[in-house]
Amino acid sequence: MAFPKQIRLVDVAPRDGLQNEPEAIDTDTKLELIDRLADAGLRHIEAASFVSPKWVPQMADHREVMTGLKRRPGITYSALTPNLKGLEAALECGVEEVAVFGAASEAFSHKNINCSIAESLERFAPVLERAKEANVRVRGYVSCVLGCPYEGEIAPAKVAEVAKALFEMGCFEVSLGDTIGTGTPLNAKRMLEAVAREVPMDKLAAHFHDTYGQALANLYAVLEEGIAVIDSSVAGLGGCPYAKGAAGNVASEDVVYLLDGLGIDSGVDLDKLAATGDWIIQAIGRPNRSKAGVATATKLSDTSG
Ligand SMILES: CC(C)(COP(=O)([O-])OP(=O)([O-])OC[C@H]1O[C@@H](n2cnc3c(N)ncnc32)[C@H](O)[C@@H]1OP(=O)([O-])[O-])[C@@H](O)C(=O)NCCC(=O)NCCSC(=O)C[C@@](C)(O)CC(=O)[O-]
């Protein structure tokens, strides 16, 4: 199958990338990160998470982030909202897109959102209804699509079932999360084939973590299948608080480099993105996990003098 000509990249660094950081990151740093990503050409940025601060302290400043944004036309700044309480707070902050997040693993669902898969879907239904009333789009996430830290292997049919439920409930797009980055290209293809029998391919996104260094290979595999929306995180920041040892998302710089090489337009400027990755890792004292990011930032500093 031919590759798509264009890809929509969703940079999740301000949310997924930072949610697991042990030290508090000030709101101004988050806001500057979001603004720099917009400057680099990102048109979709996951900015915050309206979850319980007791569960994820790093996202406690969700209101300050969502109201402090220098909003630019044409850019979507989205936020996670696991329940009505989160959605109402996000609406007060003027959000135009939110996401509910479920899982294909019962054990992960309990650890992450304190309920079963069936209960989570019941909880999401009023979120979707209220969001529709408010004219706000809702994205759905399915975690553990290629493995679970508690249950191990996950059947593609289970992923397809949860993705279908979210889509039929009204999610405009379903993002498939390899939460612990254990997937490999063949598994990724098989999982996607199963899901695409239930949800149209153009309503699906790939959200792959890079724990085992497979994320780019997995993305190449699902690009071949027709995926046209990719979630990534600048500098490969991130990890999930409820998946111990899970590494960050695939690095945005690595994805842009791959897409540039394939002649696929992402609208993102690799040099600006690499400079943003270089800036944020220095700001929060983390290693840069993007090979393309490090190489590009090094080349830029060599040529600038
Ligand atoms: C879902 C809940 C809230 C259920 O948590 P719960 O304890 O079952 O909920 P509850 O309704 O019993 O409420 C307990 C307390 O939380 C408060 N509360 C309740 N809801 C909210 C809210 N929205 N915002 C702020 N506070 C809230 C509520 O007011 C109450 O406060 P208290 O009376 O104890 O002071 C909790 O489990 C939670 O916050 N979990 C967060 C999990 C999370 O953020 N995980 C990381 C994101 S998912 C992810 O990273 C995976 C993804 C998406 O990237 C894809 C992938 O890679 O796989």
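Note that the structure is predicted; figures quoted are calculated from it, not measured. Residue numbers start at 1 and run along the sequence shown.
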Quiz item: Is the shortest heavy-atom distance from the side chain of Phe172 to the side chain of Glu97 under 4.5 Å?
Solution: yes
Quiz prompt | CG on Leu146 to NE2 on His209, rounded to 0.5 Å | solution = 11.5 Å
Quiz item: Should Ile227 and Leu204 be marked as a side-chain contact (heavy atoms from CB on, under 4.5 Å) after you check the CA-CA gap, both sets of side-chain angles, and the distance that decides it?
Solution: CA-CA 7 Å; Ile227 274 283; Leu204 294 171; 3.9 Å; yes
Quiz prompt | Residues which pass side-chain hydrogen bond (donor to acceptor under 3.5 Å, both in side chains) with Arg8, listed by chain and number, not counting sequence neighbours | solution = His44, Glu173
Quiz item: With a 4.5 Å limit on heavy-atom distance, are the side chains of Val250 and Asn218 in contact?
Solution: no
Practice problem: Indicate the atoms forming the closest heavy-atom contact of Met191 with Val145, along with that distance. | Solution: CG-O, 3.6 Å
Quiz item: Taking the side chain from Thr296 and the backbone from Gly293, do they hold a donor-acceptor pair closer than 3.5 Å?
Solution: no
Exercise. Establish whether Val138 and Phe101 are linked, either directly or via other cluster members, by ILVMFWY side-chain heavy-atom contacts under 4.5 Å.
Key: yes
Practice problem: Answer yes or no: is there an ion pair linking Lys70 with Asp35, defined by an N-O contact shorter than 4.0 Å? | Solution: yes
Quiz item: Less than 4.5 Å apart, any side-chain heavy atom of Asp16 and any of His207?
Solution: yes
Quiz item: When Val10 is tested against each of Asn249, Ile230, Thr76, Val229 for side-chain contact (heavy atoms from CB on, under 4.5 Å), which residue passes?
Solution: Val229
Self-check item: Spatial distance of atom CG (Leu87) from atom OG1 (Thr81) [nearest 0.5 Å]
Solution: 5.0 Å
Exercise. Can you see which heavy atom on Glu151 is nearest to which on Ala107, and at what distance?
Key: OE2-N, 2.8 Å
Quiz item: Has the side chain of Glu253 got a donor or acceptor atom that lies under 3.5 Å from a matching backbone atom of Ala274?
Solution: no
Exercise. Just do the side-chain contact (heavy atoms from CB on, under 4.5 Å) check on Glu168 and Glu198 with the steps written out, would you?
Key: CA-CA 10 Å; Glu168 287 184 345; Glu198 305 294 345; over 6 Å; no
Quiz item: Under 4.5 Å between any side-chain heavy atoms of Pro82 and Ser120, yes or no?
Solution: no
Quiz item: Do Ser109 side-chain atoms and Cys115 backbone N/O form a donor-acceptor pair below 3.5 Å?
Solution: yes
Quiz item: So, for Met201 and Ala196, which heavy atoms are closest and what is the spacing to 0.1 Å?
Solution: CE-CB, 3.8 Å
Self-check item: Beyond-backbone contact of Glu46 with Leu80, side-chain heavy atoms, under 4.5 angstrom
Solution: yes
Quiz item: Does Ser252 offer a backbone N or O that forms a donor-acceptor pair with the side chain of Asp11 under 3.5 Å?
Solution: no
Quiz item: Leu216, Leu192: one ILVMFWY side-chain cluster at the under-4.5 Å cut-off?
Solution: yes
Quiz prompt | Stepwise salt bridge (Lys or Arg N to Asp or Glu O under 4.0 Å) check, Arg71 with Glu96 | solution = CA-CA 11 Å; Arg71 287 182 183 279; Glu96 73 267 28; 3.0 Å; yes
Exercise. Looking only at non-hydrogen atoms, find the nearest pair between Ala47 and Val65 and report the distance.
Key: O-CG1, 3.6 Å
Practice problem: Measure the spacing between CD1 of Ile34 and CE of Met66 and express it to the nearest 0.5 Å. | Solution: 7.5 Å
Quiz item: Listed by chain and number, what are the side-chain hydrogen bond (donor to acceptor under 3.5 Å, both in side chains) partners of Gln6, not counting sequence neighbours?
Solution: Asp265
Quiz item: Can you tell me how far the OH atom of Tyr257 sits from the CG atom of Asp254, to the nearest 0.5 Å?
Solution: 10.5 Å
Self-check item: Minimum heavy-atom distance between Tyr212 and Gly181, given as atom pair plus value
Solution: CD1-O, 3.2 Å
Quiz item: Does Ser143 reach the main-chain N or O of Gly177 with its side chain, forming a donor-acceptor pair under 3.5 Å?
Solution: no
Quiz item: Can Glu129 and Lys132 be counted as an ion pair, charged N to O under 4.0 angstrom?
Solution: no
Quiz item: Are Lys30 and Asp61 within salt-bridge range, i.e. N to O under 4.0 Å?
Solution: yes
Practice problem: Measure from the side-chain N and O atoms of Ser233 to the backbone N and O of Val12, and report whether any donor-acceptor pair falls under 3.5 Å. | Solution: no
Self-check item: Leu37 and Leu273, any side-chain heavy atoms less than 4.5 Å apart
Solution: yes
Self-check item: Side-chain heavy-atom pair Cys144, Tyr150 within 4.5 angstrom cut-off
Solution: no
Quiz item: Is a side-chain donor or acceptor of Asp278 paired with a backbone partner of Ala297 at a separation under 3.5 angstrom?
Solution: no
Quiz item: Pairs in or reaching into residues 101-127: which pass salt bridge (Lys or Arg N to Asp or Glu O under 4.0 Å), with residues at least two apart or in two chains?
Solution: none
Practice problem: Kindly compute the distance separating CG (Leu33) from CD1 (Ile45), expressed to the nearest 0.5 Å. | Solution: 8.0 Å
Practice problem: Indicate if Leu219 and Ile180 have the same hydrophobic cluster label, given that clusters are the connected sets of ILVMFWY residues with side-chain heavy-atom separations under 4.5 angstrom. | Solution: no
Self-check item: salt_bridge(Arg190, Glu193) N-O dist < 4.0 Å
Solution: no
Exercise. Evaluate the side-chain contact (heavy atoms from CB on, under 4.5 Å) criterion for residues Tyr77 and Arg72: first the C-alpha distance (whole Å), next the side-chain angles of each, then the deciding distance (0.1 Å), finally the verdict.
Key: CA-CA 9 Å; Tyr77 303 93; Arg72 305 183 193 198; 3.7 Å; yes
Practice problem: Kindly work out whether a path of hydrophobic side-chain contacts (I/L/V/M/F/W/Y, heavy atoms less than 4.5 Å apart) joins Val56 to Phe50. | Solution: yes
Self-check item: Test log, rule side-chain contact (heavy atoms from CB on, under 4.5 Å), inputs Thr29 and Leu18
Solution: CA-CA 11 Å; Thr29 303; Leu18 299 183; over 6 Å; no
Quiz prompt | Value rounded to 0.5 Å, distance of CD1 in Ile25 from CD1 in Ile280 | solution = 6.5 Å
Quiz item: Should Phe208 and Val199 be counted in the same cluster of Ile, Leu, Val, Met, Phe, Trp and Tyr side chains packed under 4.5 Å apart?
Solution: yes
Quiz item: Can you name the closest pair of heavy atoms from Leu223 and Ile7 and give their distance?
Solution: CD2-CD1, 3.4 Å
Quiz item: Can a cation-pi geometry be assigned to Arg15 and Tyr141, taking NZ or CZ under 6.0 Å from the six-membered ring centre and within 45° of the ring axis?
Solution: yes
Quiz item: With a 4.5 Å heavy-atom cut-off, do Ser116 and His110 have their side chains touching?
Solution: yes
Quiz prompt | Residue pair Lys158, Glu161: steps toward the salt bridge (Lys or Arg N to Asp or Glu O under 4.0 Å) verdict | solution = CA-CA 5 Å; Lys158 187 69 195 170; Glu161 183 190 314; 3.1 Å; yes
